[in-house]
Colleague: 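The structure's right below; bear with me while I get my questions together.
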Amino acid sequence: MKHNFKEIEPKWQKAWDDAHAFEAKNDYSKPKFYGLVEFPYPSGAGMHVGHIKAYSGLEVICRKRRMQGYNVMFPIGFDAYGLPTENYAIKTGIHPRQVTDNNIQKFTSQLRRVGFSFDWSRVVDTTEEGYYKWTQWIFRKMFDAGLVFRATTLVNYCPSCKVVLSNEDSQGGKCDICHSDIVQKSKDVWYLRITEYADKLLQGLDKVDYLPNVKLQQENWIGRSEGAFANFKLALDNAEIEDSLRIYTTRPDTMFGVTFMVIAPEHPVIEKYRDKITNIGALDAYKEECAKKTEFERTQLVKDKTGVCIEGLCAINPANGKQIPIYISDYVMMGYGTGAIMAVPAHDERDYEFAKKFGIDIIEVIKGGDIAKEAYTGDGEMVNSEFLNGITTKKEAIAKMLTFLAEKGCGEKGVQYKMKDWAFNRQRYWGEPIPIVHCQKCGMVGVPYEELPLRLPKVENFAPGEGGESPLAKIDSFVNCKCPKCGGDAKRETDTMPQWAGSSWYFLRYCDPHNTEEFASKEALNYWMPVDWYNGGMEHVTRHLIYSRFWHRFLYDIGEVPVDEPYAKRTAQGLILGPDGEKMSKSKGNVVDPNDVVDQYGADVLRVYTLFMGDYASAAPWNESSVKGVKRFLDRVAGLCDIAKGEGATAALESSFHKTIKKVSDDIEEMKFNTAIAAMMSLINEIYDAGTLTKDELGIFVRLLCPYAPHLCEEIWEFLGNTELCAFAPWPVYDESKTVDNTVEIALQVNGKFRGTIMVAAGLSKDDLLAAAKADAKFAAAIEGKTIVKEIVVPNKIVNIVVK
RNA sequence: GCGGAUAUGGCGGAAUUGGCAGACGCGCUAGAUUCAGGUUCUAGUCGGGGCAACUCGGUGAAGGUUCAAGUCCUUUUAUCCGCACCA
């Protein structure tokens, strides 16, 4: 048989479609398998080979599960709200709705060409009313639960996109969409209280099967730290007053070493005592200077500490009652802890640097370092610390200090997280409208559930306003409304939700995508959830993966979903680099278009190659020649039809078949697709060497390969006389006893040096093996006349004799 | 700065977890098929020495443990990724 992919690929894609072959059954009595891939953002550029690799991995797993008899759900959809579409629309004047529809169509036809076994009856599009109704519904539930709040704070703002970004969307001080520098801007922003879920998100990681680095990255992002809060009394003109400054520290044990305090330039205490501070002009100037710095300048140029001492206001160290100065400096940030710290220069590097620069006292309280040279952050004996003196463990010192603070009523244990609340609104058009109404009388009121979806109005002008307001603000008919509570005149919120909203729960919608009464029926959720295996990119670990776990956990807490963690298992694929070894990008001109590969070599080749090119989790460059090698392999598979004769097993190949079934079966479970394919290549080499195989054996081979190259395998399966689809043929089983050779090759060593091999029966005892080795003429000659010091015999492996 | 990962032929990568390093694929060399290009087939392909059987060396670098190390331990270098003044 010739491998005529241009003919057979469309043929079998049609056959699968006609049979609705891959639609998950609503038969809740069968064992289920829910395989999930990250649904694509339908960009104008079309599919990327990276998408193919990401989907091919779980495709193989899902196809194997079907052949093993599972009721498999392998859905796909489109995460279609977001800035790139909107920016493209603004540039071209085409409406985002139109752009989105075009792109979804493009993606759909490309995905179908590759022959993925997606359930096309469950497609979700986050921009459809029937979908975003429920995105708004969940938001409303969060609003009711007090998880939504509005606050004026310093936020990450992208001046180029004219939009407020969450912490997650501005990692490294760069805008996630356009990569320009983020500036800090004081703005009125909607927040989701994700920090309230920090502990739950952290603990949830204990019971799921995530790749270790995925887990670790989430732990670091959440960034839990244990320490203490303490209140430092303030003093005006050296006279103590009834007010204090609250700090957070992880080292309360060093409190006797506190020689000054530092607060963030924006700290409210400055405003409070504005009249009493004698150098307020200098403080204001410093604050303004800091505000002008970009995130980059604030974090990258950390060499030099800057700050200003507050005059007229100082603090009192609660440990020893000493008066200490307060500084403002941008190395302390308003967004973490309380925006104020107690500085212990002797035992903190940043405080040390600051104290050196400003000539502040440095008091050693832990022995062990040389504080004349640098801060000492290690353990040691406590000194200069009154009741802590002599203690040698940090744990004990902290406990004693906490007791002391508690007795004085000025401090207690506390926990902090690096993770910040989720800045949730975007001043843009192409997103879910936030279902909130602002009423003069009632304040913020949620749009009633029965009025959802709150439709995104169709507008002609969807460009963002210059003043940073949403395009929706210009539509009076949308903005002006009645308050759902009091019926008076009110105005709608005009910002929309961020791109990550729709993707925070899409895996739930797949379970029951056409439901108009609920986001999904309880029955469907009970059966399908949790997702058994979720594969996606590392770049989503500290965004989508955190956000969606948060939403899902919230839904669990209010009784809407049956399990607390949405994903039982999470893996990630490595990047495909350009042929030059660089990350693929349009500007470098090294992008490989999957369409071209399908045109030239076929979908099966594309699929097999993306899995064969290297370790699935690592990055690997595209190599055109290797693609040809895969084509050669599939052509040789097709050629097997011409030599397959008879039935049953071939004596020469039987053991190889059982070994290959075992290898391929096991490797798929560990996503070691490259070695599974290599094993099948080895087997085909053996078959051609033997020059013969039976039709039964070809049937086994084809079923093993089917998850990778389904079109060709269906064709051969049909050629073999089968009338049912290969996609649902039973997965081959192996006989363990037939995977074991009855003769094994034993390596012979003298003093650890290789001295030849012998063939012996498998399972020989140590004594027999040693005797067999000594019977080998060459080996015997090598130890002849020498004193044997030691004899090491490892059954079925090796004989090593140590001589003098 | 902190955290994590990786390092094996000309290239992508294997190595049953301490037991013959280099599976499989690409590339390359020689030969066959073909008018030719492509395709396909056969043989070879870690390095040094030898016609050869063989032999010596070899997994980023330096030490160590062991009968035996790509694999374990110590030190070190390079690259990649994540976080970053987190109190």
Side-chain angles (χ1 to χ4, degrees), chain A residues 171-173 212-214 216-221 223-225 227-228 247-251 254 261-262 264 295 298-305 329-333 335-344 348-351 353-354 416-420 538-539 541-542 574-575 577 581 608-609 612-615 617-633 635-636 639 662-663 666 672 674-685 688 745-757 778 789-794 796-803:
Chain A
Q171 297 183 26
N213 53 338
V214 169
L216 192 72
Q217 241 186 69
Q218 291 219 342
E219 279 166 6
N220 290 343
W221 188 257
R224 182 190 157 96
S225 96
I247 60 100
Y248 175 74
T249 180
T250 54
R251 298 297 302 272
T254 61
M261 295 184 80
V262 187
E295 189 74 18
R298 237 182 116 133
T299 56
Q300 299 296 309
L301 312 171
V302 296
K303 300 267 181 305
D304 220 17
K305 292 272 181 293
S329 172
D330 63 356
Y331 88 83
V332 173
M333 291 161 303
Y336 184 80
T338 62
I341 62 159
M342 61 175 218
V344 187
D348 180 281
E349 281 165 30
R350 292 149 305 170
D351 298 346
E353 206 183 311
F354 193 88
Q416 279 293 303
Y417 300 93
K418 285 188 202 172
M419 188 167 68
K420 300 199 170 75
M538 282 305 290
E539 69 274 19
V541 170
T542 51
L575 285 178
L577 306 172
V608 174
Y609 175 66
F612 181 63
M613 57 194 301
D615 174 30
S618 315
W622 187 268
N623 183 331
E624 176 88 24
S625 303
S626 289
V627 178
K628 287 182 189 159
V630 169
K631 174 73 165 55
R632 204 169 294 157
F633 166 57
D635 290 349
R636 275 158 69 82
K662 180 179 163 75
K663 176 82 178 152
D666 293 352
K672 290 164 80 174
N674 55 337
T675 50
I677 294 165
M680 290 187 275
M681 287 174 165
S682 290
L683 180 59
I684 206 172
N685 289 344
Y688 275 106
E745 198 178 26
I746 302 291
L748 304 179
Q749 296 183 341
V750 178
N751 290 346
K753 288 234 182 273
F754 178 66
R755 283 290 175 271
T757 60
K778 233 176 85 185
V789 180
K790 201 171 180 183
E791 294 171 332
I792 296 108
V793 183
V794 183
N796 291 339
K797 289 215 169 113
I798 202 161
V799 173
N800 184 17
I801 294 188
V802 185
V803 296

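Numbers restart at 1 for each chain; the letters A, B, ... are given by sequence-line order, proteins then strands.
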Colleague: Which way is the base of B:U34 turned, syn or anti, if we draw the line at 90° from 0?
Modeller: anti
Colleague: Considering only atom C1', compute the distance from B:G9 to B:C28 and round it to an integer number of Å.
Modeller: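 Straight-line distance between the two C1' atoms is 12 Å.
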Colleague: B:C24, B:A87, B:A14: which one has an atom nearest the side-chain heavy atoms of A:Ala678?
Modeller: B:C24
Colleague: If the cut-off is 4.0 Å, is A:Lys672 near the phosphate of B:U16, judged by side-chain N/O to OP1 or OP2?
Modeller: no
Colleague: Which nucleotide, B:G12, B:C85, B:G19, lies nearest any side-chain atom of A:Met333?
Modeller: B:C85
Colleague: Considering residues, nucleotides and ligands other than A:Glu349, do more than 12 of their heavy atoms fall under 6.0 Å from its CD?
Modeller: no
Colleague: For B:A62 versus B:U8, give the span between their P atoms, rounded off to a whole number of Å.
Modeller: 16 Å
Colleague: Have a look at A:Asn800 and say if it touches a base, only the backbone sugar-phosphate, or nothing, with a 4.0 Å heavy-atom cut-off.
Modeller: base
Colleague: Pick the C1' atom in B:A68 and in B:A23, then give their distance to the nearest Å.
Modeller: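 Those two atoms are separated by 22 Å.
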Colleague: Please tell me if A:Lys753 has a side-chain N or O lying less than 4.0 Å from either OP1 or OP2 of B:G57.
Modeller: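 Result: yes.
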Colleague: So does A:Asn685 get a side-chain nitrogen or oxygen closer than 4.0 Å to the phosphate oxygens (OP1/OP2) of B:G25?
Modeller: yes
Colleague: Checking contacts here: which listed nucleotide (B:A87, B:G12, B:C85) is nearest the side-chain heavy atoms of A:Asp330?
Modeller: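 Looking only at side-chain atoms, A:Asp330 lies closest to B:C85.
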Colleague: Please list every stem that involves RNA chain B, where a stem is a run of 3 or more consecutive Watson-Crick or G-U wobble pairs with both pairing distances under 3.5 Å.
Modeller: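 Counting only runs of 3 or more consecutive pairs, the stems involving RNA chain B are B:1-7 with B:77-83, B:10-12 with B:24-26, B:27-32 with B:40-45, B:46-49 with B:54-57, B:60-64 with B:72-76.
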Colleague: Taking the side chain of A:Asp615 as heavy atoms from C-beta outward, which of B:C67, B:C24, B:G13 is closest to it?
Modeller: B:G13
Colleague: Return the nearest nucleotide to the side chain of A:Ser625; candidates are B:G19, B:C26, B:G3.
Modeller: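 Closest nucleotide among those given: B:C26.
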Colleague: Check this for me: does the side-chain of A:Lys305 come within 3.5 Å of the base of B:C85 through a donor and an acceptor?
Modeller: yes
Colleague: How close or far is atom P of B:G3 from atom CG of A:Leu216, stated in whole angstroms?
Modeller: 11 Å
Colleague: Mind telling me if B:G9 is syn or anti? Syn here is a glycosidic angle within 90° of 0.
Modeller: syn
Colleague: Take the angle between the ring planes of A:Phe354 and A:Tyr331 and call it parallel below 30°, perpendicular above 60°, tilted in between.
Modeller: tilted
Colleague: Check the distance between B:G38's C1' and A:Lys628's NZ and give it to me in whole angstrom.
Modeller: 9 Å
Colleague: Which is true for A:Asp348 with a 4.0 Å heavy-atom rule: it touches a base, it touches only sugar-phosphate, or it touches nothing?
Modeller: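 Result for A:Asp348 = nothing.
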Colleague: Heavy atoms under 4.0 Å, any strand shown: does A:Ala619 hit a base, just sugar-phosphate, or nothing?
Modeller: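 Sugar-phosphate, backbone atoms only, no base.
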Colleague: Set out, in order, the CA-CA distance, both residues' side-chain angles and the distance that settles side-chain contact (heavy atoms from CB on, under 4.5 Å) for A:Asp348 and A:Thr254, then state yes or no.
Modeller: CA-CA 10 Å; A:Asp348 180 281; A:Thr254 61; over 6 Å; no
Colleague: Kindly determine whether A:Lys672 and A:Asp666 satisfy side-chain contact (heavy atoms from CB on, under 4.5 Å), including the steps that lead there.
Modeller: CA-CA 9 Å; A:Lys672 290 164 80 174; A:Asp666 293 352; over 6 Å; no
Colleague: Would you indicate which nucleotide in B:G25, B:C20, B:A14 comes nearest to any side-chain atom of A:Thr675?
Modeller: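 The nucleotide sitting nearest to the side chain is B:A14.
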Colleague: Using the C1' atom in both, what is the distance from B:U29 to B:C46, to the nearest Å?
Modeller: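 After rounding to an integer number of Å, I get 16 Å for this pair.
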Colleague: Rounding to the closest angstrom, what is the interatomic distance between B:A5 and B:U75 at atom P?
Modeller: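 Between the two P atoms, the distance is 15 Å.
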Colleague: In whole Å, measure the gap between the C1' atoms of B:C20 and B:G37 for me.
Modeller: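 After rounding to an integer number of Å, I get 43 Å for this pair.
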Colleague: Which heavy atom in A:Asn751 sits nearest to a heavy atom in A:Asn800, and how many Å separate them?
Modeller: N-OD1, 3.6 Å
Colleague: Could you tell me how far apart A:Gln749 (CD) and B:A68 (C1') are, to the nearest whole angstrom?
Modeller: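 In whole Å, B:A68 C1' and A:Gln749 CD are 6 Å from each other.
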Colleague: Heavy atoms only, 4.0 Å cut-off, all strands: where does A:Gly223 land among base, sugar-phosphate and nothing?
Modeller: nothing
Colleague: Base, sugar-phosphate, or nothing for A:Asp351, non-hydrogen atoms under 4.0 angstrom?
Modeller: nothing
Colleague: Please state the P separation for the pair B:G22 and B:A32 - nearest whole angstrom.
Modeller: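 Per the computed distance, 31 Å lies between those P atoms.
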Colleague: Taking only side-chain nitrogens and oxygens of A:Arg636, does any of them come within less than 4.0 Å of OP1 or OP2 of B:U40?
Modeller: no
Colleague: Nearest whole angstrom, please: distance from the P of B:U16 to the NZ of A:Lys663.
Modeller: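 Going from A:Lys663 (NZ) to B:U16 (P), I get 8 Å.
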Colleague: Checking all strands, does A:Ile792 fall into the base, sugar-phosphate, or nothing category for heavy-atom contacts under 4.0 angstrom?
Modeller: base
Colleague: Indicate the atoms forming the closest heavy-atom contact of A:Arg224 with A:Tyr417, along with that distance.
Modeller: NH1-OH, 3.2 Å
Colleague: Between B:G13, B:G25, B:C56, which nucleotide gets closest to the side-chain atoms of A:Phe612?
Modeller: B:G25
Colleague: Counting heavy atoms from C-beta on, name the nucleotide in B:A87, B:G13, B:A23 closest to the side chain of A:Ser682.
Modeller: B:A23
Colleague: Below 4.0 angstrom from OP1 or OP2 of B:U40, is there any side-chain N or O of A:Arg632?
Modeller: yes
Colleague: Identify whether any heavy atom of A:Thr757 sits under 4.0 Å from a base atom; if not, whether one sits that close to sugar-phosphate; answer base, sugar-phosphate or nothing.
Modeller: base
Colleague: Could you check how far OH of A:Tyr248 sits from C1' of B:A87, rounded to whole Å?
Modeller: 8 Å
Colleague: Take atom CE of A:Met538 and atom C1' of B:G3, then tell me their distance rounded to the nearest Å.
Modeller: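 My rounded result for the distance is 13 Å.
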Colleague: Using the C1' atom on both, measure B:C54 against B:G64 and round to a whole Å.
Modeller: 33 Å
Colleague: Counting the atoms with a prime plus P, OP1 and OP2 as sugar-phosphate, which does A:Arg224 contact under 4.0 Å by heavy atoms, base, sugar-phosphate, or nothing?
Modeller: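 Nothing: the residue A:Arg224, judged by heavy atoms under 4.0 Å, touches no strand.
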Colleague: Does B:A87 have OP1 or OP2 under 4.0 Å away from a side-chain N or O of A:Tyr336?
Modeller: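 For A:Tyr336, the contact criterion (side-chain N or O under 4.0 Å from OP1 or OP2 of B:A87) is met.
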Colleague: How many whole angstroms separate atom CZ of A:Phe754 from atom P of B:A21?
Modeller: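 Nearest whole value for this atom pair: 7 Å.
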Colleague: Using a 4.5 Å cut-off on heavy atoms from C-beta on, say whether the side chain of A:Asn674 contacts that of A:Met613.
Modeller: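 The answer is no, as the side chains (C-beta and beyond) never meet within the 4.5 Å cut-off.
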Colleague: Checking all strands, does A:Val802 fall into the base, sugar-phosphate, or nothing category for heavy-atom contacts under 4.0 angstrom?
Modeller: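 Sugar-phosphate contact only - A:Val802 comes under 4.0 Å of backbone atoms but never of a base.
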Colleague: Specify the closest pair of heavy atoms between A:Val793 and A:Val799, including all atoms of both residues, with the distance to one decimal.
Modeller: CG1-CG2, 4.3 Å
Colleague: To the nearest Å, give me how far apart CG (A:Asn623) and P (B:C28) are.
Modeller: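 It is 11 Å, rounded to the nearest whole Å.
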Colleague: Closest nucleotide of RNA chain B for A:Gly614 versus for A:Met419: which of these residues is on the 5' side?
Modeller: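 Per heavy-atom nearest nucleotide, the more 5' residue is A:Gly614.
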